[in-house]
Amino acid sequence: MDKYSWGGDVLLSSDSGEVTTDAASRIDVSARNNRGGRLTVNALAGRADLAGRVDGAASGRYDAGGTVVPYDAGELVVRARQLLDFAGLNQRLNSGGMTGARTFQISEGDLQIGDEVKARRVDISVDKGRLTVAGRIDASGEQVGSIRLYAVMRCR
């Protein structure tokens, strides 16, 4: 009998600097017949630059109390002072099947969103900057999705 596991947890964290992955790197939290894992990136004092491939697809279905539903794909959580190449990162996440959830908490700088964000659950917050949606955020799918956007302007 085969047993399957979820995609696991990956944590990349820096207390005082940047978190950077090389363009040739690959992080894989995908799963077969189970839910995808979670990649968490903490660079609260610096920049996050995830230039490599990120895989988080999930396959299979399960019985959720009488209704058979697909397993959730992987989840990305980024907390950083700044995030480099937002559009490119989201395009790579889409290609890698990381469409379960995306959370971005950016503490400094402006963020412009085009048509590149696709996930069942989307949470994006920008402190001390402008958040502009100039396209479509896609939370569609077989199960209900959610989109939450926050922009906070701090005054002295």
Side-chain angles (χ1 to χ4, degrees), residues 4-32 34-59 70-141 143 145-156:
Y4 298 94
S5 175
W6 69 294
D9 276 328
V10 174
L11 171 62
L12 305 175
S13 188
S14 173
D15 291 334
S16 60
E18 300 181 355
V19 172
T20 302
T21 60
D22 187 84
S25 68
R26 178 176 177 218
I27 299 171
D28 189 347
V29 292
S30 60
R32 269 183 44 204
N34 212 315
R35 65 185 172 89
R38 177 185 294 171
L39 168 59
T40 302
V41 177
N42 292 320
L44 297 175
R47 297 182 301 181
D49 184 9
L50 303 175
R53 180 175 167 172
V54 181
D55 294 334
S59 68
Y71 284 107
D72 273 340
E75 174 179 350
L76 172 72
V77 177
V78 176
R79 296 179 193 97
R81 192 183 81 223
Q82 294 178 330
L83 176 62
L84 300 182
D85 192 19
F86 180 81
L89 170 60
N90 278 279
Q91 290 165 355
R92 289 188 301 281
L93 295 170
N94 295 341
S95 295
M98 184 75 104
T99 57
R102 295 188 194 167
T103 300
F104 298 98
Q105 182 180 1
I106 311 304
S107 63
E108 183 179 291
D110 297 339
L111 182 61
Q112 180 159 338
I113 302 170
D115 292 325
E116 64 275 357
V117 179
K118 178 173 178 43
R120 182 170 167 226
R121 291 181 317 277
V122 176
D123 292 292
I124 300 173
S125 68
V126 177
D127 298 339
K128 299 183 205 167
R130 177 174 288 149
L131 175 61
T132 304
V133 178
R136 177 178 184 234
I137 298 173
D138 186 353
S140 65
Q143 294 177 282
S146 66
I147 300 170
R148 293 182 177 95
L149 305 174
Y150 309 91
V152 178
M153 184 62 110
R154 303 223 189 260
C155 299
R156 293 183 210 219

Original post:
When rounded to the nearest 0.5 angstrom, what is the spacing between OG1 in Thr103 and CZ in Arg148?
Top reply: 9.5 Å
**OP:** For Trp6 and Ala31, work out which heavy atoms get closest and say how close.
**Re:** C-CB, 4.0 Å
Original post:
So, does Arg92 use its side chain to make a donor-acceptor pair with the main chain of Gly52 at under 3.5 Å?
Top reply: yes
Original post:
Say you draw a straight line from OG of Ser5 to CZ of Arg35; how long is it, rounded to the nearest 0.5 Å?
Top reply: 9.0 Å
Original post:
Which value, rounded to the nearest 0.5 Å, describes the distance between Ile106 atom CD1 and Arg79 atom CZ?
Top reply: 11.0 Å
**OP:** Check step by step if side chain to side chain contact (heavy atoms under 4.5 Å, CB included) holds for Asp49 and Glu18.
**Re:** CA-CA 8 Å; Asp49 184 9; Glu18 300 181 355; over 6 Å; no
Original post:
Should the heavy atoms of other residues, nucleotides or ligands under 6.0 Å from CZ of Arg121 be counted, would the total exceed 12?
Top reply: yes
Subject >> Option passing side-chain contact (heavy atoms from CB on, under 4.5 Å) with Leu149 (candidates Ile124, Asp123, Val126) >> reply: Ile124
Subject >> Between CD on residue Glu75 and CZ on residue Arg120, distance to nearest 0.5 Å >> reply: 11.0 Å
Anything under 3.5 Å between a donor and an acceptor, one on a side chain of residues 107-115, the other on a protein residue two or more places apart or in another chain? List them.
| unit_1 | atom_1 | unit_2 | atom_2 | d |
| --- | --- | --- | --- | --- |
| Glu108 | OE2 | Gln82 | NE2 | 3.4 |
| Asp110 | OD1 | Arg130 | N | 2.7 |
| Asp115 | OD1 | Arg136 | N | 2.7 |

Original post:
Do you know which two heavy atoms are closest between Gly36 and Ala58, and how far apart they sit?
Top reply: N-CB, 3.7 Å
Original post:
Where do Asn34 and Tyr4 come nearest, in terms of heavy atoms and distance?
Top reply: ND2-O, 3.2 Å
Original post:
Shortest non-hydrogen contact from Gly8 to Val29?
Top reply: O-CG1, 4.1 Å
**OP:** With rounding to the nearest 0.5 Å, note down the distance linking CD1 in Ile27 to CZ in Arg53.
**Re:** 12.0 Å
Original post:
So, Asn94 side chain and Glu116 main chain: donor-acceptor pair closer than 3.5 Å or not?
Top reply: yes
Result block: side-chain N/O donor-acceptor pairs under 3.5 angstrom for residues 9-17, not counting sequence neighbours:
| unit_1 | atom_1 | unit_2 | atom_2 | d |
| --- | --- | --- | --- | --- |
| Ser14 | OG | Gly17 | N | 2.9 |
| Ser14 | OG | Gly17 | O | 3.4 |

**OP:** Nearest 0.5 Å please: distance from the CZ atom of Phe104 over to the CG atom of Asn90.
**Re:** 4.0 Å
Subject >> Side chain to side chain, Leu83 and Val41, heavy atoms closer than 4.5 Å >> reply: no
Subject >> Sidechain-backbone polar pair: Arg102 side chain, Leu76 backbone, donor-acceptor under 3.5 Å >> reply: no
**OP:** Answer whether the closest heavy-atom distance between the side chains of Ser30 and Met98 falls below 4.5 Å.
**Re:** no
Original post:
Where is the tightest heavy-atom contact between Ala73 and Gly97, given as atom of each residue plus distance?
Top reply: CB-O, 3.3 Å
